[in-house]
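Just below is one structure, and these are the notes that go with it.
Below, all heavy atoms of this structure are taken into account, side chains as well, without hydrogens, waters or symmetry copies. Protein chains get the first letters and strands the later ones, always in sequence-line order, with residue 1 at the start of each.
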Amino acid sequence: MAHPKSDFLQILTERGFIHQTSDLDAIDQLAAKGEIIAYVGYDCTAPSLHVGSLISIMMLHWLQQTGNKPITLMGGGTTRVGDPSGRDETRRILTLEKIEEHKTGIGKVFDRFLSFGDGKDDALMVDNADWLAPLNYIDFLRDVGKNFSVNRMLSMDSAKMRLDREQELSFIEFNYMLLQAYDYVELARRLGCNLQMGGSDQWGNIVTGMDLGRRMGTHQLHALTCPLLTTASGAKMGKTASGAVWLNEDQLSAYDYWQYWRNTEDADVGRFLKLFTTLPMDEIARLEKLEGADVNDAKKVLATEATALLHGRGKAEAAAETARKTFEQGAVGDDLPVVEVAAAELGAGISVILAFVTAGLVASNSEARRQIKGGGLKVNDKPVSDDKLKLDSSNLSDENVIKLSMGKKKHVLLRPV
RNA sequence: GGAGGAGUGCCCGAGUGGCUAAAGGGGACGGGCUGUAAACCCGUUGACUUCGGUCUACGUUGGUUCGAAUCCAACCUCCUCCA
């Protein structure tokens with residue numbers, strides 16, 4: 001469909017959110033009337049979501065902005081089983097306590113993107129443990145299981161991949177798609193849900209749910225998936241030096257989050273501006289035209305806008321300012337991570353090696369020595385050449401800190417207390 | 001239950017008695033080039049170190065040997081085939 005009528009599909013299409021849909025015309029008609037009730041499921045496998053999930057959160061955001069109702073489904077029940085999709089090994093089975101903990105962590109992030117409440121277009125958050133946990137095995141087999149063909153299940157990518165590679169697919173995992181399909185039916189019945197969205201790896205699970213809905217007599221259900229993002233050079237999105245790009249601030253600071261977006265590859269800037277900011281399309285078009293070193297301006301806009309969505313405008317601008325000072329002036333930015341040391345210890349002099357280990361910039365004394373040999377460590381922007389160097393109060397800057405750097409991008413301030 | 005096969009560093013994977021902290025590749029980190037990009041080039045990639053070395057490591061536990069990732073035994077885990 002070249003020109004969707006609904007604002008929702010209009011936006012998703014022009015911003016590059018759509019990978020695959022079941023019946024685009026039908027979804028368009030519902031969206032135009034503000035009658036979409038859509039959900040995305042999030043399993044509680046980690047204490048926070050990461051940028052990989054952001055694209056689906058943005059879809060929910062636009063859905064609500066265009067007058068439809070979003071539902072976030074917490075997989076409190078399905079996480080107990082574990083989704084085999086796209087995995088070549090069985091997930092470790094998490095304890096119920098962990099799952100609860102993760103659920104709380106993950107839930108926090110949605111307030112930034114959605115407005116929750118009881119009104120018609122307000123977002124809802126539900127937990128599939130509410131209906132999955134009390135299920136009775138025999139009843140479930142009779143009511144739901146009879147609608148599934150093992151032949152077909154075996155042919156689905158999530159199962160096929162394991163079978164083809166002769167890797168274990170345990171029975172518990174094999175059941176995951178039944179539960180996710182059943183979720184869709186349950187949400188359709190309880191809340192009138194009529195659309196499930198997710199990453200393209202979820203397509204199989206989603207259409208299985210649609211199919212189950214038809215067999216179990218719900219209204220017509222729909223599917224819409226977004227592309228799984230990789231960077232232009234093919235890497236999976238969401239990894240940095242220090243691990244995943246978490247959305248919760250206690251897992252990844254606003255400054256580091258800003259830096260993540262700032263370091264976007266040139267070829268990705270336009271695509272990411274469309275997906276991860278709410279800037280108007282004509283503004284994005286302008287930024288996309290920038291070339292050469294000017295692309296950096298677009299990356300800064302991307303970083304600030306994306307960070308503002310998640311952490312608020314104030315923190316985004318503070319991060320931008322710190323980055324400006326740190327990288328463009330070589331000065332000391334306020335937002336850099338600070339590590340405190342006892343003033344007395346510093347007065348007595350501490351070895352550079354210990355200082356860098358304490359700051360967490362290197363993992364061990366040996367690594368510190370190696371990095372010094374390789375010229376990777378700096379104190380107050382001056383390379384360290386001697387691993388026996390001692391730091392003391394004479395190294396303190398006017399701001400009463402010592403700036404430790406590893407490479408060009410990682411900096412920590414050492415402050416005496 | 002029977003018969004085979006496999007378990008090596010972050011990952012993949014070579015190595016079948018000393019020259020092995022363990023080839024090669026990937027990833028990661030650092031340096032160079034640049035624009036805090038990509039690509040490319042170089043270096044590093046167990047810990048501790050007074051830089052002489054020391055210690056810990058090839059599924060687990062024992063054994064043989066001057067010496068074991070390599071040989072032997074038992075155990076654990078996984079895979080394949082048979083019942």
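- One can place CD of A/Gln371 at 6 Å from C1' of B/C29, the figure rounded to the nearest angstrom.
- Within the 4.0 Å cut-off from OP1 or OP2 of B/G35, not a single side-chain nitrogen or oxygen of A/Lys300 is found.
- In this structure, A/Phe327 atom CZ and B/U36 atom P are separated by 9 Å, rounded to whole Å.
- Residue A/Lys388 places its side chain closer to B/U50 than to any other of B/U50, B/U36, B/A37.
- Look at the C1' atom in both B/C58 and B/U16: the space between them is 13 Å, to the nearest Å.
- Pair assignment for B/A37: none, as no Watson-Crick or G-U wobble contacts are both less than 3.5 Å.
- Phosphate proximity of B/U49 to A/Arg369: present, with a side-chain N or O under 4.0 Å from OP1 or OP2.
- The side chain to side chain contact (heavy atoms under 4.5 Å, CB included) test with A/Ile57 is passed by exactly one of A/Val40, A/Leu49, A/Leu309: A/Leu49.
- Between A/Asp381 and A/Lys378, none of the side-chain N atoms (NZ, or NE/NH1/NH2) sits under 4.0 Å from a carboxylate O, so this pair counts as no salt bridge.
- When heavy atoms are screened at a 4.0 angstrom cut-off, A/Arg262 is found touching base atoms of the nucleic acid.
- In this structure, B/G52 is classed as syn because its glycosidic torsion stays within 90° of zero.
- Residue order along RNA chain B, read from the 5' end via each residue's closest nucleotide, puts A/Gly407 first among A/Gly407 and A/Val295.
- In summary, A/Asp266 and A/Lys299 engage in a salt bridge, as defined by a charged side-chain N under 4.0 Å from a carboxylate O.
- Nucleotides B/A47 and B/C10 place their P atoms 10 Å apart, quoted to the nearest Å.
- Atom P of B/A6 sits at a distance of 28 Å from the matching atom of B/G46, rounded to the whole Å.
- One can place CZ of A/Phe272 at 16 Å from P of B/A37, the figure rounded to the nearest angstrom.
- Using a 4.0 Å heavy-atom criterion, one finds that A/Lys373 contacts no nucleic acid atom at all.
- Using atom P as the reference point in both B/G26 and B/G13, the two lie 15 Å apart (nearest Å).
- Summarising the base pairing, B/C71 is matched to B/G63 through a Watson-Crick or G-U wobble pair whose two defining distances lie under 3.5 Å.
- Residue A/Ser364 places at least one side-chain N or O closer than 4.0 Å to OP1 or OP2 of B/A47.
- The pair A/Arg415-A/Glu399 does not count as a salt bridge, with every side-chain nitrogen at least 4.0 angstrom from each carboxylate oxygen.
- Across all strands shown, B/U20 has no partner, as no Watson-Crick or G-U wobble contact with both distances under 3.5 Å is found.
- At whole-Å resolution of the value, CE in A/Met406 and P in B/U45 are 14 Å apart.
- Between the C1' atoms of B/G43 and B/G5, the separation comes to 40 Å (whole Å).
- With RNA chain B read from its 5' end, the first of the two nearest nucleotides for A/Glu291 and A/Leu377 is the one closest to A/Leu377.
- To the nearest whole angstrom, the two C1' atoms, one in B/G63 and one in B/U70, are 15 Å apart.
- Atoms CG (A/Leu290) and P (B/G35) sit 16 Å apart, rounded to a whole Å.
- Comparing B/A21 with B/C71, their C1' atoms sit 22 Å apart, to the nearest whole Å.
- Using a cutoff of 4.0 Å between basic side-chain nitrogens and carboxylate oxygens, A/Arg286 and A/Asp282 are not scored as salt-bridged.
- Taking only side-chain nitrogens and oxygens, A/Thr326 never comes nearer than 4.0 Å to OP1 or OP2 of B/U36.
- Note: CD (A/Glu367) to P (B/G30) measures 9 Å, nearest angstrom.
- Pair assignment for B/C10 gives B/G26, based on Watson-Crick or G-U wobble hydrogen-bonding distances that are each under 3.5 Å.
- Base pairing analysis places B/U54 opposite B/A47; the two distances defining the Watson-Crick or G-U wobble pair are each below 3.5 Å.
- Under 3.5 Å, the side chain of A/Asp266 and the base of B/G35 form at least one donor-acceptor pair of N or O atoms.
- If you check every strand for non-hydrogen atoms under 4.0 Å, A/Asn365 touches sugar and phosphate atoms only.
- Remark: A/Lys409 is in phosphate contact with B/A37, judged by side-chain N or O atoms under 4.0 Å from OP1 or OP2.
- At a threshold of 4.0 angstrom between heavy atoms, the contacts of A/Ser366 include nucleobase atoms, whether or not backbone atoms are also involved.
- Under the Watson-Crick or G-U wobble criterion, with both distances below 3.5 Å, B/C81 is paired with B/G2.
- Distances shorter than 4.0 Å separate some side-chain N or O of A/Arg370 from OP1 or OP2 on B/A47.
- One finds a salt bridge joining A/Glu249 and A/Lys315 here, because a Lys/Arg side-chain nitrogen approaches an Asp/Glu carboxylate oxygen to under 4.0 Å.
- Dashed line: the shortest gap from a side-chain N or O of A/Lys408 to OP1 or OP2 of B/G32 is under 4.0 Å.
- In this structure, A/Leu361 places its CG atom 13 Å from C1' of B/G30, rounding to the nearest Å.
- If you take CD1 of A/Ile372 and P of B/U49, they are 12 Å apart, rounded to a whole angstrom.
- Not a single donor-acceptor pair, N or O on each side, falls under 3.5 Å between the base of B/U36 and the side chain of A/Glu328.
- Looking at A/Asp268 and A/Arg271, a side-chain N of the basic residue comes within less than 4.0 Å of a carboxylate O on the acidic one, giving a salt bridge.
- Between B/A74 and B/G2, the two P atoms lie 14 Å apart (nearest whole Å).
- A salt bridge links A/Lys300 with A/Glu328; the closest basic N to acidic carboxylate O contact falls under 4.0 Å.
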